[in-house]
Amino acid sequence: MTPDGTIVDWTLGELDPAENEVVRRHVQRHAEAALEAADVRTLLEDMRTLTAEPSGRVEVRVRYAIDRRQRLRRGERHGDGSSPLGSVVRAGRTLVRVLAVAAAILGALLLWDREQRDASRAPVAAASDPGLPAWQAPAAPPLREPTPERDREQVARQQQTLDDVLAAGGPSLQRHYLPLRRLAEIDVFTGQMRANNELALLRLEFTQRYSRAKRRQSIEQCGGKPDLEDRIQSLAMSVAVTIEDQIGRDKATVVDVARALRALLAAGSTLRIGHREAVAAAVEFLEQRVGGLEGGELASALAALTDFAVVTGGRAASLVAEHGERLANSVQVLPAGRSAHSSSSFASPAERGRPPLLGFSTPVSQLADAGRVLQLAPAFGVHPIRAHEARLLMAAHLEERLAQSASERPEVLAAMLYGFSDLIERNALDRRLLLWPATLLADQDLVALHHLAWSQFPLRPGWTEFQRQLRAVATLKTPSDVGDAAALLLSLAMNYAAPGVRGVLHLAG
Amino acid sequence: MVRFREGDPTAFREIVGEFESRLVQFYYRLCWDRDRAEDFAQDLFMKLLRGARNYRPEGKLSTFVFRVATNLWIDHYRSTRPQPRLYSLDQPMHGVDTGLAALAPARGAGPIENAIEDEEKRRLRAALETLTEPHRLVFELAVYQQMPYADISQVLGIPVGTVKSRMHNSVKALKSILAESAEQDEGGRRDERPFRAGGTAG
């Protein structure tokens, strides 16, 4: 009889030759031992069938990291000891380091001083936690101070351009615009205060999600499983590596980079926490390109820069102010050389020379982005009435698209809830979206799912059911497209990243 | 690793080429999610890349790589231990029913045969899940990575005798669980209490 377990060792080839021979003879002589050996062998062979096929992305990403490391290393070598000038270069490098440290200390002191002075203007006081980035006042005034003269001129100009745009949009746009305007009219002061409050709330919510413990707690409070955070962070890792790789290889698109940046910020990363390098690369990419973007792409880029500005302020906030104006123009200024009055009344709405963002070829998701950006833009310096009118026109245009579509358009419904929920009657839209559970949307359009998820908050009907569906969505494999992966991350992170959710949880204690 | 440290970029690529698939498999069987397994593998390579400067060539490279891999998993496991693993019963198993290749009928196998094979793999996976984490790690390294006990002992930092006993207990537990589930399939009475091998991790 062999000792217990020897058959296992024998099968795995763990015995020395003498022991091997003893067991082999024993197995040959005893049918029971032979059966046991066959059982163990079959079990191990069966178990070895449980395998996964690698997708190959690990190799691609690691290769990118190696190449980058090599590039950095080559840069370092200019000052190594083998060069005759090595010691001079090393001494120079030490001097540069000392100067850099001195400059950093001086910069920090200046920043601290400016923060002290701007504290009264900042929407939310900087949190005391050292892990949280301080909100840096932008170069342009962060909050617009209304002046009656400027506002009167602006409103008058606004009415003029609005008439032109409505004429270009034709009866179809006018029919949807006028009821919206009657229901959602605001004055300059209200528009400004709403945006300021929204910015303050978003900033406060960010302070509630920058730590892992707080994110897990938030998920739990919303009725989700805290393990969801692991899935979100694994998605964030995947998004960060892919987008950094694409930017490095010059293969990235503005829309993907914008969505990836938003996803990383939603998952709690900033320039100082989490996937810092990917955030820095994405911000730099967008800051360099935003000046040359138009229409839908401009909306996507600004949506990401706005999220970033909420967290950090600074240059991103100035860019939102500057290009937010251009975004409002994309809705309210007719293309050059096309006058509303010169266009034929027999032409289709799409042919009538509408402003870029009111054309039917602009992706719905970019209209939703534009809606969110302009909702917040007055807090960065865009005129509140101008931003409000642009949003009304876009909301009317989305309704126009819904009315003209023969089939149900969940992505349009979700975009309306996400970008314009303060301007529309949302109950009817919510009911229509009941036909589109999260699991079904995840299969068809992850961006629509993100918009739907971020328009939900606790206490609304359907919240619990949506949370249940989200658990199933969390088990989906990571999409190969980085934009889709980012949209999936944004959807899953709704319990702490969607505007308003943390606020409600905070109130609920 | 030494070649890479000395400036040969192809050396690390060779390491990735050699270990990528093994590591993805390793993590896959621990978390049952290929994407997460790939994230873990990538994390590991990044760790190796960062730590290349401090690498001291002692023993086999595979032992070193799997020691780091195991530590990475144990850190993750400890941080999430109180919670159950997050995977759905509906989640497709990679290598079983994902991808276009899986949708196409296997040569000579009809839909009924495929369904039986899937069911069999689910049964095996469920059985493997019943092992405690220390037993699973030993089983994984011995059976899937085909490492000698002596190497496993170095990877996990435990005596060879403990490796042996964990391996024996794992096989015993798996046989028992699979026999029980086969009986249930034949209409036997279902025992609701799962069997856990090695309740006391040695």
Side-chain angles (χ1 to χ4, degrees), chain A residues 3-9 11-14 36 39-40 42-63 65-67 69-70 73-74 77 212 216 225-231 233-238 241 439 471-472 474-479 485, chain B residues 4 7 9 12-13 16-17 20-21 23-25 28-29 33-43 45-46 49 76 79-80 83-88 90-96 98-99 117 120-121 124-125 127-128 139 142-144 146 148-149 164-165 167-169 171-172 174-175 178:
Chain A
D4 195 28
T6 309
I7 294 287
V8 176
D9 299 343
T11 312
L12 291 171
E14 284 291 332
E36 193 191 344
D39 267 2
V40 170
T42 309
L43 172 76
L44 300 188
E45 276 169 12
D46 283 351
M47 280 295 174
R48 283 185 182 130
T49 61
L50 296 175
T51 57
E53 198 57 46
S55 66
R57 72 187 167 109
V58 176
E59 196 190 340
V60 171
R61 290 173 191 177
V62 175
R63 193 187 305 146
I66 299 169
D67 290 346
R69 206 176 176 81
Q70 290 299 318
R73 197 179 270 189
R74 275 197 295 275
R77 283 200 177 153
R212 183 185 162 82
R216 289 177 77 91
K225 289 187 176 180
D227 267 5
L228 181 59
E229 175 58 9
D230 294 341
R231 176 71 179 122
Q233 292 309 322
S234 109
L235 269 170
M237 161 79 88
S238 163
V241 172
T439 39
R471 289 184 189 184
T475 64
L476 287 180
K477 61 185 282 194
T478 305
Chain B
F4 174 69
F12 201 86
R13 283 182 206 153
V16 175
E20 183 201 358
S21 178
L23 286 167
V24 171
Q25 307 283 352
Y28 170 70
R29 278 183 294 267
D33 179 337
R34 188 189 64 176
D35 294 315
R36 283 180 69 195
E38 292 193 327
D39 289 343
F40 275 119
Q42 183 183 314
D43 238 14
F45 284 124
M46 294 300 172
L49 199 61
H76 165 78
S79 69
T80 59
Q83 289 84 32
R85 285 194 187 84
L86 185 71
Y87 66 87
S88 159
D90 309 329
Q91 186 181 5
M93 275 178 66
H94 294 289
V96 177
T98 56
E117 197 188 330
E120 177 61 16
K121 285 187 176 170
L124 294 172
R125 172 174 151 171
L128 201 54
F139 190 82
V143 176
Y144 294 101
Q146 306 192 1
Y149 286 166
K164 266 190 186 183
S165 70
M167 186 63 210
H168 298 166
N169 287 339
V171 170
K172 200 169 156 189
L174 288 171
K175 278 166 72 179
L178 289 170

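Heavy-atom basis, side chains included; hydrogens, waters and symmetry copies ignored. Every chain is numbered from 1 and lettered A, B, ... according to where its sequence line falls, protein lines coming before strand lines.
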Part of Gln42(B) lying under 4.5 Å from any heavy atom of chain A: both
Evaluation steps, side-chain contact (heavy atoms from CB on, under 4.5 Å), between Asp33(B) and Lys477(A): CA-CA 8 Å; Asp33(B) 179 337; Lys477(A) 61 185 282 194; 5.8 Å; no
Leu12(A) vs Met167(B) side-chain heavy atoms within contact, under 4.5 Å: yes
Stepwise side-chain contact (heavy atoms from CB on, under 4.5 Å) test for Asp230(A) and His76(B): CA-CA 10 Å; Asp230(A) 294 341; His76(B) 165 78; 4.2 Å; yes
Pairwise distance CE(Met237(A)) to CG(Asp35(B)) - rounded to 0.5 angstrom: 13.0 Å
Closest approach of Glu14(A) to Pro148(B) (non-hydrogen atoms, all atoms of both residues): OE2-CA, 3.0 Å
Interface moiety of Glu38(B) toward chain A, non-hydrogen atoms closer than 4.5 Å: both
Between Leu124(B), Val16(B), Leu23(B), Asp43(B), the one whose heavy-atom pairs under 4.5 Å with chain A are most numerous: Leu124(B)
Close side-chain approach of Asp46(A) to Glu120(B), heavy-atom, < 4.5 Å: yes
Flag, side chain of Arg125(B) to backbone of Leu50(A), donor-acceptor distance under 3.5 Å: no
Heavy-atom side-chain proximity of His168(B) to Asp9(A) below 4.5 angstrom: yes
Within-4.5 Å side-chain heavy-atom neighbours: Leu178(B) and Met47(A): yes
Residue part contacting chain B, namely of Leu44(A), when any heavy atom lies under 4.5 Å: both
Those residues that, when tested against Tyr144(B), pass side-chain hydrogen bond (donor to acceptor under 3.5 Å, both in side chains) (two or more places apart): none
Arg36(B) side chain to Arg231(A) backbone, donor-acceptor under 3.5 Å: no
Closest non-hydrogen atom pair, Leu43(A) against Lys175(B): CD2-CG, 4.0 Å
Proximity breakdown for Phe139(B) and chain A, heavy-atom pairs closer than 4.5 Å: side chain
Gln233(A): side-chain hydrogen bond (donor to acceptor under 3.5 Å, both in side chains) partners, not counting sequence neighbours: Glu229(A)
Val171(B) versus chain A, the contacting section by heavy-atom distance below 4.5 Å: both
